[in-house]
Amino acid sequence: MEMLAQTRDQDPEKSGRILRVMIEASRAIGSQGVVEGQYREVLSSGHVEEVGKTSEKMEGEIYACSAACGAMLGGGGEDEIDKLRSYGLNVGKIVGFLQRRDGEEDNVETMKRVEETKDLAIKELRFFKGDKVEAMYSLIDACVGLNHVYI
């Protein structure tokens, strides 16, 4: 936050983007994001629904923030920002689900959720075209240990 706040660029458009990034990051790490996720994790019984909510708030919000901030700083429009935020949220949820598995390699319910969430992330990427989108597809594969071609 300090680095963003110290940006000396006088361009009002860039200043507006930086302010949006600061707001996005504050929300993701604050009481609506990671802090809530930590609270949920303490209270969690390990049921897949609770794991999903915890993963959404912890990893999901951070990944969503990262993707949305990248779009904001890159000059993306509202549709691009929203789709990348949703993509990031879903990739983060996948990471959270996989990190919180109860030790069983083939936990059927968890893996079902991972596949559903993966499909949601892929759906958001269909809006984008070009070579760079392949890297975003590969991030999903890296999370679940797969190697598919989507385009």
Side-chain angles (χ1 to χ4, degrees), residues 1-38 40-41 48-101 106-151:
M1 294 291 197
E2 183 178 344
M3 287 173 47
L4 287 169
Q6 290 178 353
T7 302
R8 303 255 191 265
D9 197 324
Q10 299 299 319
D11 182 354
E13 183 180 337
K14 288 182 183 175
S15 295
R17 287 185 205 165
I18 290 169
L19 179 59
R20 286 187 71 187
V21 167
M22 292 173 74
I23 292 167
E24 188 82 19
S26 296
R27 189 191 57 74
I29 61 176
S31 62
Q32 296 175 1
V34 173
V35 171
E36 182 180 341
Q38 290 171 333
R40 287 179 176 275
E41 192 166 51
V48 72
E49 290 294 325
E50 292 174 7
V51 169
K53 290 176 183 176
T54 299
S55 297
E56 179 176 333
K57 290 299 179 178
M58 295 204 36
E59 293 84 5
E61 290 292 338
I62 293 296
Y63 278 62
C65 174
S66 176
C69 289
M72 288 173 198
L73 292 173
E78 291 305 314
D79 283 344
E80 293 166 317
I81 293 168
D82 289 341
K83 289 192 179 299
L84 286 173
R85 182 183 292 116
S86 180
Y87 162 79
L89 179 73
N90 287 305
V91 171
K93 284 172 64 174
I94 291 169
V95 170
F97 268 123
L98 295 175
Q99 287 178 346
R100 289 181 181 82
R101 282 191 293 198
D106 58 349
N107 185 326
V108 176
E109 188 63 31
T110 297
M111 293 314 290
K112 179 182 174 189
R113 287 297 179 93
V114 165
E115 286 300 317
E116 291 169 356
T117 306
K118 178 182 157 195
D119 291 343
L120 292 172
I122 290 168
K123 180 181 172 189
E124 296 299 342
L125 292 181
R126 293 200 173 119
F127 175 82
F128 299 97
K129 304 292 181 221
D131 296 338
K132 293 180 182 176
V133 77
E134 187 65 32
M136 292 190 290
Y137 281 114
S138 67
L139 179 59
I140 299 169
D141 289 341
C143 289
V144 293
L146 301 173
N147 191 12
H148 291 125
V149 175
Y150 299 98
I151 298 176

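Keep in mind that what you see is a predicted model, and the values were worked out from it rather than measured.
Under 4.0 Å is where a charged nitrogen must lie from a carboxylate oxygen, and between E78 and R20 at least one such pair does. Checked for salt-bridge contact, E36 and R40 meet the test: a charged N lies under 4.0 Å from a carboxylate O.
Exactly one residue among V21, I23, I18 makes a side-chain contact (heavy atoms from CB on, under 4.5 Å) with M72. That residue is V21.
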Only distances under 3.5 Å count here; give the side-chain donor-acceptor pairs of residues 87-98 to other protein atoms, sequence neighbours excluded, each with its distance to 0.1 Å.
residue	atom	partner	partner atom	Å
Y87	OH	M136	O	2.5
N90	ND2	S86	O	2.9

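Scanning both residues, I140 and K118, for their nearest heavy atoms gives CG2-CG, 3.4 Å. Residues A67 and R85 approach most closely at CB-N, 4.4 Å, considering heavy atoms. Counting all heavy atoms, side chain and backbone alike, A71 lies closest to I81 at CB-CG1, 3.7 Å. What you find for C65 and A28 is that their closest heavy atoms are CB-CB, 3.5 Å.
A distance-only check finds no donor-acceptor pair linking the side chain of T54 to the backbone of V51 [under 3.5 Å]. For E115 (side chain) and K112 (main-chain N/O), no donor-acceptor pair under 3.5 Å exists by modelled atom type.
Legend: side-chain hydrogen bond (donor to acceptor under 3.5 Å, both in side chains) pairs involving residues 57-68, not counting sequence neighbours, sorted by first then second residue: R27-E61, E59-R100.
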Using the rule given for side-chain contact (heavy atoms from CB on, under 4.5 Å), can you reason through E116 versus L120, listing the C-alpha separation, both sets of side-chain angles and the distance that settles it, and then say yes or no? CA-CA 6 Å; E116 291 169 356; L120 292 172; 5.8 Å; no

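Rounding to the nearest 0.5 Å places CD of E41 at 8.0 Å from CD of Q38.
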